[in-house]
Amino acid sequence: MEYKFREIEKKWQQHWKETNACKVSNQSEKPKYYVLDMFPYPSGAGLHVGHPLGYIASDIYSRFKRLKGFNVLHPMGYDAFGLPAEQYAIEHGIHPAVSTENNIENFRKQLDNIGFCYDWDREVRTCDPRYYKWTQWIFLQLFNSFYNRSANKAEPIANLIKAFEAEGSLVVDRRPSTVDQFTADEWKNFDEVTKQSILMDYRLAYCGYGEVNWCEALGTVLANDEVVNGVSERGSFPVVKKKLRQWYLRITEYADRLLEGLDCIEFSDAMKEMQTNWIGKSSGAEIDFEVKSQKLKVKSLRVYTTRPDTIFGVDFMVVAPELDIVEEMKSAGQAAAVDEYLAYVKSRSERERMAEKKISGVFTGAYAINPFDGREIPIWISEYVLAGYGTGAIMAVPCGDERDHKFAQHFNIPITNIIGKHYNGEEANPTKDAILVNSDFLNGMVMRDAVDVVINKLEEKGTGTRKVNYKMRDAAFSRQRYWGEPFPIIWKDGVAYPLSENELPLTLPEVKNYSPGPEGEGPLANINDWVNSYAATNTPLGDGGALETNTMPGYAGSSWYFLRYMDPHNNKAFCDRNVSDYWGQVDLYIGGTEHAVGHLLYSRMWTKALYDLGFIGHDEPYKKLVNQGMIQGSSRFVHRITLRADVSSIDVEASGFKMSSNKNILVSKSIFEKIKDDSNLAKQILIKLLPELGISEHEKLKDIEAVVSIFHVDVNLVDGYELDIEAFKRWRNSEYSDAKFLFEEDGKYICSSEVEKMSKSKFNTVNPDMIVDKYGADTFRMYEMFLGPVEISKPWDTKGIEGVHRFLKKLWRLFYDDVKGKVWNEEKASDAELKVLHKTIKKIEEDTERFSFNTGVSTFMIAVNELTDLKCNKKEILEQLLILLTPYAPHVSEELWSALGNSGSILDASFPKFEAKYVTESTKDYPVAINGKTRTELTLDLNITQQEVEQIVLNNEVVQKWLEGKEPRKIIYVRNKMINVVV
RNA sequence: AAGCCUGUAGCCCAACGGAAGAGGCAAUAGUUUUAGAAACUAUUAAGUGUGUGUUCGAAUCACACCAGGCUUACCA
């Protein structure tokens with residue numbers, strides 16, 4: 001009987017489906033375990049072999065935990081709103097809902113092929129109104145909350161209103177706002193618009209005006225992490241700054257808690273660091289410098305610095321060109337230069353600014369006064385200071401800051417040295433440990449200690465305050481797009497009013513076209529019926545109210561999906577509190593690093609807000625995060641020689657050169673290696689080929705030049721490195737059908753290769769369906785794991801899969817012989833066989849527990865090799881082995897499990913218990929080293945004492961020979977490891 | 001520019017500070033086969049990127065450097 005993987009796999013996939021084998025209950029006696037894969041976007045391109053890596057790992061781990069007696073939740077669903085579907089709709093006129101549905105169906109088919117054990121009853125889709133009803137509901141909770149800084153948590157906005165009514169604005173630390181401090185009485189007398197605009201400054205989800213990343217081509221606003229190098233991450237379109245009305249999430253209020261939370265979750269150091277950098281907390285001081293300018297309009301300039309200790313090293317000030325005070329500071333003499341510079345800055349795109357970092361700037365003509373020694377410090381403007389961070393102005397200390405130093409050198413600004421010999425005059429030294437000089441009352445102090453001294457002094461004088469700053473900005477939360485969640489908000493008289501809970505979901509209307517609305521608004525703005533659907537109603541919001549036309553960004557739905565999986569069909573709540581208390585945190589989250597600062601930060605914030613408001617019982621969503629590495633593509637290249645000639649010097653028609661010059665002459669790898677740096681040799685080869693190419697001899701042929709180049713060829717046309725010539729000729733509509741080939745000596749065409757990102761454009765994608773069809777899902781699963789550690793990026797190499805496939809066939813032969821049929825038996829297992837089994841149990845348990853799936857696979861190979869050598873076909877052993885194997889290769893395990901006569905599913909078996917007694921040995925062959933070099937071997941009892949060892953070792957002939965009569969200094973004996981004699 | 005990760009047979013990768021090899025691919029030889037492929041059996045192969053140090057003992061720890069990858073990039 002052969003291993004017919006196709007039949008077996010189909011059979012059991014069907015069986016598991018029919019028996020609901022992967023169904024998970026919210027009630028169980030067992031301990032819970034929650035495994036989650038990062039929410040996939042169902043793209044139209046389908047899966048390549050790189051995508052399922054994390055899903056296989058999580059599937060193995062979930063099945064393993066199930067065998068270990070846990071109630072395991074392992075769901076899957078779709079992050080289905082998003083730009084590509086809408087882009088597709090614009091281009092092809094197909095409704096995003098339709099293309100998304102198709103993509104999901106295709107995605108699902110590919111997943112099912114691999115035999116995952118997802119509880120599909122719990123599937124969620126963010127674009128389903130039954131789902132986004134609750135996204136909108138959570139948005140309303142955020143809208144109706146504020147962050148109480150003294151309680152350090154989010155609270156209902158009603159609490160804030162009560163506080164305003166009782167005590168005015170002084171009760172809560174005032175945020176910068178449109179309105180100054182107010183008393184309780186004043187609050188009560190404010191009109192509705194004023195009140196609402198004050199409240200808007202507090203809401204966790206709020207609407208404001210701000211500079212946003214505007215992408216004209218996509219017609220939408222992008223988050224900072226969706227902009228890469230000044231162009232959109234999706235599509236690489238230019239992005240510019242634009243002031244627009246936008247919704248935001250007040251994530252900055254959570255900055256400290258997001259940082260502190262990192263200490264109690266298991267993320268990789270790299271991941272924690274990325275989040276820490278993104279939040280970018282720094283502490284220092286804001287210092288007010290008196291300004292001396294011609295116009296006397298500006299009295300002071302506020303800068304932010306983390307190094308107040310360097311206050312006596314300030315040689316100039318730099319203000320961001322965008323700041324309004326620039327206009328007021330410029331002197332008559334400098335006005336023209338300043339205006340010219342401002343025009344220059346404006347002309348530069350974000351991209352240019354990032355790409356070319358040239359030093360530029362201009363003096364404003366105004367001076368700041370050092371608060372301590374009264375020195376006059378010139379105020380400059382330069383684009384190296386960003387308007388959006390700190391106060392948009394800095395005090396420049398060239399001897400301690402590299403950028404300031406370069407600027408000073410460039411503009412010949414004299415540099416004050418406050419760190420003595422630590423500054424060499426050549427480049428800045430950012431040390432904190434130097435002793436200060438030229439620093440008035442700080443002289444002789446270590447810089448590190450001077451920081452606090454200066455801040456205290458500034459606060460005393462009232463010219464500065466201690467200040468913490470964050471790089472992180474509030475998260476832009478609106479998109480001018482159709483395919484996203486509508487905001488449950490009605491605008492009336494410039495005030496945003498929330499819809500009431502029972503009006504949710506606010507569903508997306510049908511649209512005819514997806515082009516943007518007027519003034520940067522989204523497509524929804526074009527549908528008056530929808531926008532005004534509340535205008536005529538009798539609700540308090542009727543009478544002229546208009547719906548918000550922005551939609552929510554992609555991360556809205558994915559910020560809380562892990563909660564919906566717990567209770568996916570609940571139409572009374574986003575998730576029942578009892579259920580979320582049962583499942584609690586996601587115990588294991590598997591996904592790529594690309595969501596390090598986007599999704600992972602947003603969902604952590606939502607979780608904290610929901611926790612603060614009492615809707616869930618935990619404030620970190622993910623307990624442990626494992627980052628899967630990328631599976632890279634191994635690209636293949638063919639090498640081409642093309643003719644290039646000075647055409648004017650050749651009689652084109654006569655020579656036939658024109659026709660032939662378009663011919664593809666493809667040379668195999670070793671020839672390519674020889675000629676790539678030797679155009680002469682390439683030319684010789686060409687000339688030899690000319691008659692064959694139908695080019696007649698011509699005196700001007702000496703002017704021909706050979707150009708050698710390489711290009712990607714589809715990896716599916718290549719077996720290892722050998723090109724399938726026939727398939728290649730048919731490739732791309734037979735574009736290369738008349739290509740000429742120069743082969744290796746053995747007649748093969750060998751491609752060269754390179755490891756690159758797996759992508760369609762590099763022709764190096766491999767479709768998992770193809771692999772599953774050829775080798776089976778079990779082989780595919782194990783091979784993906786076998787490639788290397790999950791966290792590491794590694795290239796895909798289809799060739800290596802044979803080894804894993806052979807392993808499964810070899811396993812099969814322990815049960816069935818091709819000729820004899822059934823060979824397994826019920827004989828009693830021997831000690832040697834039990835030893836193999838228990839060694840394997842231990843290793844598989846350890847490896848799986850620590851996500852070392854690659855070594856797990858190889859452990860199975862060893863076990864099967866050893867059992868084959870022992871000719872072990874005993875049920876007693878094999879049955880246990882199958883249980884170990886079932887997380888990795890579920891189909892073949894289930895088949896053989898049932899063949900052994902088990903009635904239930906192997907999914908519900910229990911993980912074998914390791915028993916040390918089968919593997920413990922009483923003796924060990926110890927290596928005996930003299931001075932660290934192994935010289936002989938001794939078989940000793942494991943329980944032997946140090947004294948006994950020394951005795952035996954000293955009496956050993958070999959040892960004596962190496963000692964040459966000398967006394968050993970020390971004899972090191974490590975139990976179960978080795979013995980070392982130090983002479 | 002900085003931070004993090006990774007450098008072990010031709011390749012992919014193992015090895016809780018204790019004899020560098022578990023496994024797989026490839027290669028070579030053999031068995032089987034009309035032949036090829038497949039299958040099976042066996043064999044070969046590195047001293048751990050470089051250099052210093054800690055240690056009785058280093059692939060493993062520390063420091064520096066080199067190479068590759070990822071991330072962030074004027075955050076004052």
Side chains of [X] and [Y]: donor-acceptor distance under 3.5 Å anywhere?
{"X": "A:N980", "Y": "A:K970", "result": "no"}
{"X": "A:Y783", "Y": "A:D797", "result": "no"}
{"X": "A:T252", "Y": "A:D474", "result": "yes"}
{"X": "A:N627", "Y": "A:T593", "result": "no"}

Where the side chain of A:T305 is concerned, which of B:A76, B:C25, B:A38 is the nearest nucleotide?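 Nearest to the side-chain atoms of A:T305, counting from C-beta on, is B:A76.
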Nearest to the A:K471 side chain among B:A38, B:C74, B:C75, which nucleotide is it? B:C75
Please report the distance separating the [atom1] of [N] from the corresponding atom of [M], rounded so that it comes out in whole Å.
{"N": "B:A22", "M": "B:U44", "atom1": "P", "answer": "12 Å"}
{"N": "B:A9", "M": "B:G24", "atom1": "C1'", "answer": "13 Å"}
{"N": "B:C65", "M": "B:C5", "atom1": "P", "answer": "16 Å"}
{"N": "B:A67", "M": "B:C75", "atom1": "C1'", "answer": "31 Å"}
{"N": "B:G17", "M": "B:U48", "atom1": "C1'", "answer": "15 Å"}
{"N": "B:A1", "M": "B:U50", "atom1": "P", "answer": "25 Å"}
{"N": "B:A62", "M": "B:G18", "atom1": "P", "answer": "15 Å"}
{"N": "B:U31", "M": "B:A14", "atom1": "P", "answer": "37 Å"}

[N] - base-pair partner by Watson-Crick or wobble geometry, distances under 3.5 Å:
{"N": "B:U71", "value": "B:A2"}
{"N": "B:G7", "value": "B:C66"}
{"N": "B:U60", "value": "none"}
{"N": "B:U41", "value": "B:A29"}
{"N": "B:A76", "value": "none"}
{"N": "B:U34", "value": "none"}
{"N": "B:G47", "value": "none"}
{"N": "B:A20", "value": "none"}

Rounding to a whole Å, what distance do you find between [X]:[atom1] and [N]:[atom2]?
{"X": "A:F267", "N": "B:C5", "atom1": "CZ", "atom2": "P", "result": "18 Å"}
{"X": "A:E802", "N": "B:C40", "atom1": "CD", "atom2": "P", "result": "10 Å"}
{"X": "A:E950", "N": "B:C56", "atom1": "CD", "atom2": "C1'", "result": "13 Å"}
{"X": "A:K839", "N": "B:G23", "atom1": "NZ", "atom2": "P", "result": "10 Å"}
{"X": "A:F807", "N": "B:A38", "atom1": "CZ", "atom2": "P", "result": "21 Å"}
{"X": "A:K970", "N": "B:G57", "atom1": "NZ", "atom2": "P", "result": "10 Å"}
{"X": "A:M782", "N": "B:C25", "atom1": "CE", "atom2": "P", "result": "14 Å"}
{"X": "A:Q632", "N": "B:C70", "atom1": "CD", "atom2": "P", "result": "8 Å"}

Taking the nucleotide of RNA chain B with the nearest heavy atom to each, does A:T859 or A:M395 sit closer to the 5' end?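 Result of the comparison: A:T859.
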5' precedence on RNA chain B between A:T593 and A:M472 (nearest-nucleotide basis):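 So the residue in question is A:T593.
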Identify the pairs formed between an N or O of the protein and an N or O of nucleotides 13-19 of chain B at a distance under 3.5 Å, and give each distance.
{"from": "B:C13", "atom 1": "O3'", "to": "A:N854", "atom 2": "ND2", "distance (Å)": "3.3"}
{"from": "B:A14", "atom 1": "OP1", "to": "A:N854", "atom 2": "ND2", "distance (Å)": "3.1"}
{"from": "B:C16", "atom 1": "N4", "to": "A:K977", "atom 2": "NZ", "distance (Å)": "2.6"}
{"from": "B:A19", "atom 1": "N6", "to": "A:E937", "atom 2": "OE2", "distance (Å)": "3.3"}
{"from": "B:A19", "atom 1": "N1", "to": "A:E937", "atom 2": "OE2", "distance (Å)": "2.1"}

Kindly assign one of parallel, tilted or perpendicular to the pair A:F407 and A:F411, based on the angle between their ring planes and the thresholds 30° and 60°. tilted
What class does the angle between the rings of A:F5 and A:H805 fall in, given that below 30° is parallel, 30 to 60° is tilted and above 60° is perpendicular?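 The arrangement is perpendicular - the two ring planes meet at more than 60°.
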Residues A:R448 and A:D309 bridged, charged N to O under 4.0 Å: no
Looking at A:K842 and A:E846, does any basic side-chain N land under 4.0 Å from a carboxylate oxygen? yes
Any [X] side-chain nitrogen or oxygen under 4.0 Å from OP1 or OP2 of [N]:
{"X": "A:R806", "N": "B:A39", "answer": "yes"}
{"X": "A:Y304", "N": "B:A76", "answer": "no"}
{"X": "A:R403", "N": "B:C75", "answer": "yes"}
{"X": "A:N865", "N": "B:A22", "answer": "no"}

Sorted by chain and residue number, the salt bridge (charged side-chain N to carboxylate O under 4.0 Å, His left out) partners of A:D773 (sequence neighbours excluded) come out as A:R6
Tell me whether B:G47 sits syn or anti, counting syn as a glycosidic angle within 90° of 0.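 Base orientation relative to the sugar is syn.
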Side chains of A:K794 and A:L53, heavy atoms from C-beta outward: is any pair under 4.5 Å?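 SC-SC contact between A:K794 and A:L53 confirmed.
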